[in-house]
Amino acid sequence: MTSTYRINYQLRQHKRDGLIEFIKLTLSTSFVLYDEAADADISSSADEKSALVRSKERYAEVMSGVEKLINDHIEMQKLGAPEHSRLHRLVPTVSTFCTPLPLRKAFLLADAQHTISARRFVSPSFNDIRRILNTAQVCAIAPTLSLITFDGDMTLYDDGKDFEQDSTLVTLIIQLLSFDINVAVVTAAGYTENAESRYESRLSGLLHGFQLSGLTNAQLGRFHVLGGECNYLFQLGDDYHLHFVPQEVYQPEQVRAWSQNTTEIDAVLDIAQANIQKCVQEMNLPAMVIRKTKAVGLVPQPGATILREILDEVVLSTQHHLLRYQRSPSVLQAPLPFCCFNGGSDVWVDIGNKLIGVQMLQAYLNAKPEETLHVGDQFLSTGNDYATRASCCTLWIINPQETHEALVQLTDILEKQK
Ligand code: IMP
Ligand code: MG
């Protein structure tokens with residue numbers, strides 16, 4: 001689909017990832033300029049083979065170049081001036097890198113599997129590059145991995161579904177714990193009433209797997225669930241149940257200051273709710289508005305679906321109203337952190353965000369940014385996994401099957417390292 005509509009839509013910043021677009025553009029130069037296999041003078045299969053080798057080498061060369069740009073950017077980060085790196089000049093929206101990325105190696109692995117360089121009509125795509133970045137990140141972090149955090153919906157299980165007993169992810173997560181790695185589910189889903197049993201029922205398949213796993217009590221205790229982005233922490237006990245961890249145990253003073261400021265929380269949620277309700281009315285949406293202690297959401301009515309564009313409109317307009325409120329002279333205190341995101345089929349505004357969630361876990365479990373990996377599906381600027389990029393390594397997957405593939409790569413390396 002390359003309609004004018006799509007081109008215009010793609011021009012919107014919130015639908016783009018600067019680094020991936022940059023790599024795609026750079027690779028496409030090679031794709032556009034060379035098609036040796038189609039040249040009239042290449043008649044023998046030996047010539048065709050060497051044309052393929054050259055095509056692969058040209059792409060690999062590009063990936064080596066990007067790898068070097070990232071290394072230079074990391075050097076500038078260390079000097080406290082990332083904005084002066086060459087990569088920053090080329091991709092002004094580029095984020096922090098917590099490790100170098102072996103992109104050439106990752107490209108060659110991906111090419112061996114998906115024959116990217118043999119394609120003559122379809123250039124390297126956004127998804128090809130996203131997967132290459134994931135492979136590079138897995139290779140880079142495996143030797144030092146200490147904490148891995150997973151988003152819930154669409155990363156571990158399908159949207160709104162529970163963790164199934166027969167999910168292939170059960171064995172892989174058990175394997176991660178058996179390597180003494182800390183594992184946490186960091187989800188937006190925020191439950192306050194009967195919280196333990198609600199999270200337990202969403203993770204039922206995984207908890208069942210733990211019972212059969214033979215993991216030691218210490219290894220079981222390395223599994224946590226952080227709900228409501230960063231608001232409710234639970235630890236797995238040796239009884240295979242989740243236990244609430246009191247906030248004073250893991251929340252730093254400055255987080256507790258805002259997380260207990262109910263007047264300001266209500267003020268922020270009131271503004272968000274008013275805008276969401278206005279969107280429902282003005283766009284005549286088949287949706288209901290749900291208010292919780294630390295969240296407000298727009299959820300489609302049973303059987304209805306709301307278009308991605310409309311969900312984005314609700315997110316961006318609500319973000320706009322909240323930021324305008326927080327910057328107004330009447331708001332004296334430091335602005336309350338919030339996360340307003342498109343969950344794929346719904347929109348939520350949560351108090352707090354996953355960046356704070358991951359940073360608290362890093363401090364609590366003693367893991368540095370370069371030892372932490374967050375796996376999630378929402379890495380556009382309207383998504384709720386995006387915020388974690390500032391403080392840890394990330395894998396951007398699009399469904400639980402891709403989480404499976406990334407964890408197979410990771411556990412293979414961990415097994416070899418043993
Ligand atoms: P995550 O992908 O695990 O972060 O979960 C995001 C999804 O959780 C949203 O798209 C919602 O469908 C669901 N959800 C349920 N309760 C809440 C809440 O209180 N805040 C945000 N999302 C929620
Ligand atoms: Mg998700």
Side-chain angles (χ1 to χ4, degrees), residues 130 148-163 167 169 173 183-195 197-203 205-206 224-234 259 265-266 268-269 272-273 276 287-302 304-306 308 310-312 314-315 318-319 322 337-358 361 374-389 394-404 406:
R130 183 180 54 74
I148 182 163
T149 60
F150 294 96
D151 161 63
D153 291 58
M154 283 318 277
T155 299
L156 293 178
Y157 32 78
D158 288 338
D159 232 351
K161 298 284 184 309
D162 295 342
F163 205 127
S167 162
L169 295 175
I173 291 179
V183 177
V185 179
V186 178
T187 174
Y191 308 124
T192 40
E193 275 163 44
N194 301 325
S197 66
R198 302 233 12 222
Y199 287 111
E200 280 182 9
S201 85
R202 297 228 44 203
L203 295 169
L206 181 60
H224 290 83
V225 178
L226 185 54
E229 315 275 358
C230 60
N231 286 298
Y232 317 106
L233 184 66
F234 302 85
S259 75
I265 290 174
D266 286 341
V268 167
L269 293 180
Q273 184 167 349
I276 292 173
M288 44 207 177
V289 179
I290 296 176
R291 176 80 176 245
K292 299 185 182 177
T293 325
K294 285 190 176 167
V296 56
L298 172 143
V299 176
Q301 276 163 6
T305 32
I306 302 177
R308 181 183 72 178
I310 292 180
L311 296 174
D312 280 344
V314 178
V315 169
T318 309
Q319 254 171 14
L322 288 174
F338 68 85
C339 173
C340 179
F341 72 98
N342 174 349
S345 58
D346 49 20
V347 170
W348 284 89
V349 178
D350 291 320
I351 300 300
N353 58 48
K354 289 192 186 181
L355 171 61
I356 296 169
V358 166
L361 288 174
H374 178 71
V375 188
D377 68 307
Q378 296 287 345
F379 279 103
L380 288 169
S381 61
T382 47
N384 65 335
D385 295 301
Y386 179 74
T388 62
R389 271 201 188 152
T394 55
L395 298 187
W396 182 354
I397 53 79
I398 54 168
N399 55 35
Q401 177 58 30
E402 280 200 2
T403 307
H404 166 90

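In listed order, ligands and their atoms are each counted from 1.
Near ligand 1, heavy-atom contacts under 4.0 Å come from Asp151, Gly152, Asp153, Thr187, Ala188, Ala189, Gly190, Lys292, Ala295, Phe341, Gly343, Asp346, Trp348, Asp350, Lys354, Asn384.
Residue His374 comes nearest to Thr388 through the heavy atom pair CD2-OG1, 3.5 Å, listed as atom of the first residue, atom of the second, then distance. In terms of heavy atoms, Leu322 sits closest to Ala272 at CD2-N, 4.0 Å. The minimum heavy-atom distance between Ile397 and Glu402, with the atom names listed, is CA-OE1, 3.5 Å. Closest approach of Val347 to Leu311, counting heavy atoms only: CG2-O, 3.6 Å.
Of the residues listed (Asp162, Asp159, Asp158), the one engaging Arg202 in a salt bridge (charged side-chain N to carboxylate O under 4.0 Å, His left out) is Asp162, and it is the only one. The side-chain contact (heavy atoms from CB on, under 4.5 Å) test with Gln273 is passed by exactly one of Asp266, Ile290, Val289: Val289.
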Next item on the list: Go through the steps for Lys354 and Gln378 under the test side-chain contact (heavy atoms from CB on, under 4.5 Å), then give the verdict.
Entry: CA-CA 11 Å; Lys354 289 192 186 181; Gln378 296 287 345; over 6 Å; no
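A tilted orientation is assigned to the rings of Trp396 and Phe379, their planes being inclined by 30° to 60°.
Counting only protein atoms, the N, O or S atoms lying less than 2.8 Å from the Mg ion (ligand 2) are Asp151 OD2, Asp153 O, Asp377 OD1, ordered by chain and residue number.
For an aromatic pair to be called close, the ring centres must be under 6.0 Å apart, and Tyr232 with Tyr191 fails this.
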